[in-house]
Amino acid sequence: MPIKYKIDIIKALKEKGYNTNRIRKEKIFSEGTMTKFRNGDLVTLATLGTLCQLLECQPQDIIEYKN
């Protein structure tokens, strides 16, 4: 897939105070979504939107297109 993450999502979330326990407790992302982040798999646009909100960034800060 030519669309890739530019950053380590889990690390970026932790830097903003969202560790896996908090994410699970507050039901921000499902365990399946967290697994997708860990494996570099793509997520839905709605999930990407939530991620941008939490990280206070734009989609282009998170993903990129590579040939």
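Since we're looking at a predicted model, the values are computed, not measured.
Not a single side-chain hydrogen bond (donor to acceptor under 3.5 Å, both in side chains) links Gln58 to another residue, sequence neighbours left out. Qualifying side-chain hydrogen bond (donor to acceptor under 3.5 Å, both in side chains) partners for Thr50, counting only residues two or more places apart in sequence or in other chains: none. For Gln53, the side-chain hydrogen bond (donor to acceptor under 3.5 Å, both in side chains) criterion is met by no residue, not counting sequence neighbours. Contacts of Thr20 classified as side-chain hydrogen bond (donor to acceptor under 3.5 Å, both in side chains), with partners at least two apart in sequence or in another chain: none.
Taken to the nearest 0.5 Å, the CG atom of Leu54 stands 7.5 Å off from the CD1 atom of Ile23. The CG atom of Leu13 sits 6.0 Å away from atom CE of Met34, with the distance rounded to the nearest 0.5 Å.
Taking both residues in full, the closest heavy atoms of Cys52 and Pro59 are given as SG-N, 3.5 Å, listed atom of the first, atom of the second, then distance. Residues Ile63 and Leu48 share a closest heavy-atom pair of CD1-CD2, 3.9 Å. Considering all non-hydrogen atoms of both residues, Leu55 and Ala12 come closest at CD2-O, 3.5 Å.
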| field | Worked check of side-chain contact (heavy atoms from CB on, under 4.5 Å) between Thr44 and Thr33 | value | CA-CA 9 Å; Thr44 66; Thr33 298; over 6 Å; no

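Every pair passing salt bridge (charged side-chain N to carboxylate O under 4.0 Å, His left out) that includes a residue from residues 34-59 is listed here, sequence neighbours excluded: Lys16-Glu56, Glu31-Arg38. Residue pairs that meet the side chain to side chain donor-acceptor pair (under 3.5 Å) test with at least one member in residues 5-14, sequence neighbours left out, do not exist here.
Looking at heavy atoms from C-beta onward, Ile62 lies in side-chain contact with Leu51 at the 4.5 angstrom threshold.
The six-membered or imidazole ring of Phe29 lies away from that of Tyr18, with a centre-to-centre distance of 6.0 Å or more.
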